[in-house]
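For reference, the structure discussed in these notes is given below.
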Amino acid sequence: MEKVVNLCKRRGFVFPGSEIYGGLGSSLDYGPLGVELKRNVKEAWWKAVVTRRDDVVGLDAAIVMHPRVWEASGHVEGFTDPLVDCKSCKQRFRADHVAGPKCPACGGELTEARLFNLMFKTYVGPVEDTASVAYLRPETAQGIFVNFRNVVETSRMKIPFGIAQIGKSFRNEITPGNFLFRTREFEQMEIEFFVRPGEDEPWFEHWREERFRWYVDLGIARERLRLRPHGPDELAHYAKACADVEYQFPFGWSELEGVANRTDFDLKRHAEFSGKDLSYFDEERRERYVPYVIEPSAGADRSTLAFLVDAYDEEEVEGEARVVLRLHPRLAPYKAAVFPLLRKEGQPERARKIYDALRRHFPVDYDQAGSIGRRYRRQDEVGTPFGITVDHQTMQDGTATLRDRDAMTQIRIPEDRLAEELRARLSGAPG
Ligand code: ATP
């Protein structure tokens, strides 16, 4: 874990947030390479669940919603974690994260647990009174439920269908930590899939399988993934069933995503609190019902961390240590890097021309600093799947070498076929 965190800082994937002011708890910023990686994760998710399906549409709802939304959803009343204080060192912990009766930091005595609401409060407008209280959303799901009718009326979607959304959520976590795994501000990727009551169980199965496969298709080792069904004591009061996709992080098996059968709880509550009819008329069956909802709820940051951790590898090549991020090509920040072997004989100009041409199609890096071996290592470390080198022979016959990050094999390809070759190799990979 430490190695991944160091690599992230050193190569500009993730920086500590507000670092020049000493940082702010678990606030983290994505650097130039991290932002590309996370965008690719979100793009891969959107492609899999929206673009490639004909039964899911997208949405982008506001972060600050009407405060009644959070009463209806149950968050004002029940979105709490049990909090304990250490009487000696004053640190606070989530009671369910503390193993014994003593403070995990100093061994001191702990207070009784009390409930702490995780929603961030703010005020809308210039007057800070109770009438203007609002919350930063703790999940994106509610933006979908409150737009259910809008989507039904405007998109001609018929049940079964889903609405997907990617966006920031905020939780005042008592104990954030483990790098990107738990922060107070994070991005969720959520789907609410609406089905006819009675057809919920096969759809729950469908989404469990689909969502598990997504991580495998994007390169995560199957043996470090598992689907863990929730026991009856773990289920939220509104859920009929829930299964977590878990990843074996260096700090243990932990949730990447939850897939829940939320029944008709949310739509019924919003109908009750808003006074609007949120039932659905099924024209084919000539019947009216409140749909059941299957919710696959994933975290963009958590999955980015899993992709990074899973891709990290160290090996020895010809007596030298090599760090390589074996990221799936779809996720890699750069798809290729172009190098002139020498900084003379017109090689840099020729390499620049290739770089400029490829950059119109893919994110590509250019590097002419240091030995060619060092340049390969720099790209291996950030997961660039292909290296293209312009050398003496390129100047004679117009072919460049194409090096594969994982196999480290090299073949010669005519310059004007590089884009085509890269496209074939990138699209040939599953995911
Ligand atoms: P946990 O038990 O770890 O607090 P949760 O079960 O409360 O998580 P959900 O409410 O199911 O989480 O949220 C859905 C997804 O959102 C999680 O699977 C995770 O990927 C992501 N997520 C939730 N909280 C955080 C957080 N504090 N930081 C980063 N990602 C988060």
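Just so you know, these numbers come straight off a predicted model, no measurement behind them.
Using a cutoff of 4.0 Å between basic side-chain nitrogens and carboxylate oxygens, E257 and R208 are not scored as salt-bridged. Classification of E381 and R377 as a salt-bridged pair fails, no side-chain N sitting under 4.0 Å from a carboxylate O. Using a cut-off of 4.0 Å between Lys/Arg side-chain N and Asp/Glu carboxylate O, K102 and E109 are scored as not salt-bridged. The residues R322 and E316 are annotated as not salt-bridged, no charged nitrogen and carboxylate oxygen being separated by less than 4.0 angstrom. Note on E314 versus K3: salt bridge recorded, some NZ/NE/NH1/NH2 to OD/OE distance being below 4.0 Å. The residues D365 and K335 are annotated as not salt-bridged, no charged nitrogen and carboxylate oxygen being separated by less than 4.0 angstrom.
For S155 (side chain) and V152 (main-chain N/O), no donor-acceptor pair under 3.5 Å exists by modelled atom type. Under a 3.5 Å cut-off, the side chain of R405 and the backbone N or O of L327 do form a donor-acceptor pair. Under a 3.5 Å cut-off, the side chain of Y135 and the backbone N or O of T122 do not form any donor-acceptor pair. Looking only at distances, a side-chain donor or acceptor of D310 sits under 3.5 Å from a matching main-chain atom of A221. Although no hydrogens or angles enter the test, the distance criterion places a donor-acceptor pair under 3.5 Å between the side chain of E190 and the main chain of A141. Remark: side-chain polar atoms of D356 are not paired, donor with acceptor, to backbone N or O of R359 under 3.5 angstrom. For the pair T263 (side chain) and A239 (backbone), a donor-acceptor distance under 3.5 Å is absent. Not a single donor-acceptor pair under 3.5 Å links the side chain of R94 to the backbone N or O of L83. No donor-acceptor pair under 3.5 Å is formed between the side chain of N172 and the backbone N or O of L118. One N or O on the side chain of S303 and one on the backbone of G299 form a donor-acceptor pair closer than 3.5 Å.
Atom CD of E318 has 12 or fewer heavy atoms from other residues, nucleotides or ligands within 6.0 Å. Other residues, nucleotides and ligands place no more than 12 heavy atoms under 6.0 Å from the CD atom of E112. Within a 6.0 Å radius of CZ in R10, other residues, nucleotides and ligands contribute more than 12 heavy atoms. The neighbour count for R326 CZ, taken as heavy atoms of other residues, nucleotides or ligands under 6.0 Å away, is above 12. Within 6.0 Å of the CD atom in E77, the count of heavy atoms belonging to other residues, nucleotides or ligands does not exceed 12.
The closest side-chain donor-acceptor pair between S73 and Q142, if any, does not fall under 3.5 angstrom. Under the 3.5 Å distance criterion, with hydrogens and angles disregarded, no donor-acceptor pair is assigned to the side chains of Y21 and E19. Q379 and D367 are not linked by any side-chain donor-acceptor pair at a separation below 3.5 angstrom, with hydrogens and angles left out of the test. When only modelled atom types and interatomic distance are considered, S169 and E139 share no side-chain donor-acceptor pair under 3.5 Å.
Partners of Y238 under the side-chain contact (heavy atoms from CB on, under 4.5 Å) rule, at least two apart in sequence or in another chain, are A236, R262, F265. Residues passing the side-chain contact (heavy atoms from CB on, under 4.5 Å) test with P138 are W70, H75, F79, M119, R171, sequence neighbours excluded. The side-chain contact (heavy atoms from CB on, under 4.5 Å) test applied to E420 returns R417, not counting sequence neighbours. Residues satisfying the side-chain contact (heavy atoms from CB on, under 4.5 Å) test with T409, not counting sequence neighbours, are D404, A407.
Geometrically, R226 engages W253 in a cation-pi contact defined by less than 6.0 Å to the ring centre and at most 45° from the axis.
A 4.5 Å side-chain heavy-atom check between L402 and E421 finds at least one atom pair inside the cut-off. Between K9 and P16 the shortest side-chain heavy-atom distance falls below 4.5 Å. With a 4.5 Å cut-off on side-chain heavy atoms, W46 and V50 count as touching. For the pair T183/P176, no side-chain contact is recorded, criterion being any heavy-atom separation below 4.5 Å from C-beta on.
Scanning both residues, I159 and P291, for their nearest heavy atoms gives CD1-CG, 3.4 Å. Closest non-hydrogen pair, N178 versus L305, comes out as O-CD2, 3.8 Å. What you find for L308 and C8 is that their closest heavy atoms are CD1-SG, 3.7 Å. Taking each heavy atom of K168 and E187 in turn, the nearest pair found is N-CG, 3.8 Å. In terms of heavy atoms, C86 sits closest to F93 at CB-CE1, 4.5 Å. Of all heavy-atom pairs between R425 and I411, the closest is NH2-CD1, 3.2 Å.
Relative orientation of the W214 and F307 rings is perpendicular, given thresholds of 30° and 60° on the angle between their planes. Between Y366 and Y355, the ring planes are tilted. Angles from 30° to 60° get that label. Between F251 and F181, the angle of the ring planes goes over 60°, which puts this pair in the perpendicular group of the 30/60° scheme.
Taking the six-membered ring where the residue is Trp, the centroids of F186 and F170 are separated by 6.0 Å or more. Taking the six-membered ring where the residue is Trp, the centroids of F148 and F194 are separated by under 6.0 Å.
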Sequence neighbours excluded and cut-off under 3.5 Å, please list the side-chain donor-acceptor pairs for residues 26-35, or say none.
from : atom 1 : to   : atom 2 : distance (Å)
Y30  : OH     : D301 : OD2    : 2.7

Could you list the donor-acceptor pairs under 3.5 angstrom formed between side-chain atoms of residues 55-68 and any protein atom two or more places apart in sequence or on another chain?
from : atom 1 : to   : atom 2 : distance (Å)
D55  : OD1    : R53  : NE     : 2.7
D55  : OD1    : R53  : NH2    : 3.4
D55  : OD2    : R53  : NH2    : 3.0
H66  : ND1    : R68  : N      : 3.0
R68  : NH1    : E71  : OE1    : 3.1
R68  : NH2    : F273 : O      : 3.2

